[in-house]
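Sequence lines set the chain letters: A, B, ... in the order given, protein chains first and strands last, and positions in each chain run from 1. Reckoned from all heavy atoms, side chains included, excluding hydrogens, waters and symmetry mates.
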Protein chains: 2
Amino acid sequence: MNTVKLGQRNTRQREILQQIFAQAPGPLGVKRLLDLAQAEIGKIGIATVYRTVRLLEESKEIRPVTLPDGEIQWESSDRGHHHHFVCRACTTVTDFAGCPVHVHTDSLPQGFCVESHELTLVGLCSKCSAPASSKAPARKGKR
Amino acid sequence: MNTVKLGQRNTRQREILQQIFAQAPGPLGVKRLLDLAQAEIGKIGIATVYRTVRLLEESKEIRPVTLPDGEIQWESSDRGHHHHFVCRACTTVTDFAGCPVHVHTDSLPQGFCVESHELTLVGLCSKCSAPASSKAPARKGKR
DNA sequence: TTCATTGCAAAGTTTTTGCATCTTT
DNA sequence: AAAGATGCAAAAACTTTGCAATGAA
């Protein structure tokens, strides 16, 4: 599921980003991607990250994940249907296997057609809910 | 449930925005708020909308709703627990009464504590799913 | 009269775009 | 050599902030 044809040329930058998504344990945002990519390769600009992410998204190799605070991150598409848990303290996003959603189409107004759904659970991850260390919730830049 | 104390002064701009939220059938974004408010009152700047929204959110009179594309809108807090349906064609957000979510805490890693959840259904609203008019999906500014 | 609030414009942020240069094919 | 892709810097788009003027109490 790698080395997918998208765009026309195989560049180092593109390969690195694809590899990063393939190995990522969860969704990644623009800044994170830039940092990870720059660690591998010296030269890569933020514009390339944005352009590549758009390309990967259009070719369906990755898909967008919207966090409760509005930030958009992306993750490899080859993970089955799943949802996300966002820790309100450390803002870490964790994949969540089960799908506790059962849409009762009858509870929607007439004529509405549900094609997909997005669920995000918010709370405290195992680290942050540990009674011992109660670090103060921190907001990242945005908002 | 109006005329709530927040900030210190009761200004015309504040009242208008509170009224707009009270009457709104669904969540509203910044631009929409500005338009609606300007229709009522001549003078009101975008900065005031941002400042007032923050105030209303802090005082819990309204709460934020994040759409799949990352846009944040707000709605009055005095609507019970519910979720949203976003039409992918016209981008209209519709309130959705039922809650088809049943969180099986056992499907989460040990130690995780779920405090809340956000669910968004995406599809076509009754208008857009009507076979007759198939208007082209349009993106609003962002992204 | 006092001081919270507003509008406007400037300053920040984040994302997109133009373009000359570099690379893949 | 041709044309896609990149990096950089400029331009957009969106929010926040500083400040003098306004208006609620």
Between C1' on C:dG7 and CD1 on B:I41, what's the gap in Å once rounded to a whole number?
12 Å
Taking any heavy-atom pair under 4.0 Å as a contact, classify B:I44: base, sugar-phosphate, or nothing.
sugar-phosphate
With a 4.5 Å heavy-atom cut-off, do A:E118 and A:H83 have their side chains touching?
no
Atom pair CG (B:L34) and OH (B:Y50), whose distance is rounded to the nearest 0.5 Å:
9.5 Å
Partner of A:P27 by side chain to side chain contact (heavy atoms under 4.5 Å, CB included), out of A:I62, A:V65, A:L67:
A:V65
Distance in angstrom units between B:L34 CG and D:dT15 P, rounded:
12 Å
With a 4.5 Å cut-off on side-chain heavy-atom distances among I, L, V, M, F, W and Y, is there a chain of contacts connecting A:V53 to A:I16?
yes
Assign each of B:T11 and A:K43 to its nearest nucleotide of DNA chain D by heavy atoms, then name whichever residue's nucleotide is nearer the 5' end.
A:K43
Nearest-angstrom distance from the residue atom CD of B:E15 to C1' of D:dG23
13 Å
In whole Å, what is the span from the OH atom of B:Y50 to the P atom of C:dT5?
20 Å
To the nearest Å, give me how far apart CZ (B:R51) and P (D:dC19) are.
13 Å
Rounding to the nearest 10°, end axes of the helix from C:dT1-D:dA25 to C:dT25-D:dA1 built from five pairs each make an angle of 30°
The nucleotide from C:dT15, C:dT6, C:dT5 with an atom nearest the side chain of B:T52 is C:dT6
Rounded interatomic separation in angstrom, taking CZ from A:R9 and C1' from C:dT25:
6 Å
Counting only side-chain nitrogens and oxygens, does B:Q8 get under 4.0 Å of the OP1 or OP2 atom of D:dA25?
no
Would you say B:H84 and B:Q73 are linked by a side-chain donor-acceptor pair, where the criterion is simply a distance under 3.5 Å?
no
For B:R12, which contact category applies under a 4.0 Å heavy-atom criterion: base, sugar-phosphate, or nothing?
nothing
In whole angstrom, what separates B:N10's CG from D:dG23's C1'?
13 Å
OP1 or OP2 of C:dT17 less than 4.0 angstrom from a side-chain nitrogen or oxygen of A:R54, does that happen here?
yes
From C-beta outward on A:Q13, which listed nucleotide comes closest to its side chain: C:dT6, D:dT6, D:dT16?
D:dT6
For A:T66 and B:P68, indicate whether the former's side chain and the latter's backbone hold a donor-acceptor pair under 3.5 Å.
yes
Name the closest nucleotide to the B:A47 side chain, picking from D:dT6, D:dA25, C:dA9.
C:dA9
For the side chain of A:R14, counting heavy atoms from C-beta on, which of C:dT25, C:dT15, D:dA5 is nearest?
D:dA5
If you define the side chain from C-beta out and look only at heavy atoms, does anything of B:E40 sit under 4.5 Å from B:Q13?
no
Which one, D:dG7, D:dT17, C:dT14, comes nearest to the side chain of A:K31?
C:dT14
To the nearest angstrom, the CD-P distance between A:E57 and C:dT15 comes to 13 Å
Any heavy-atom pair between the side chains of B:T92 and B:C125 that's under 4.5 Å?
no
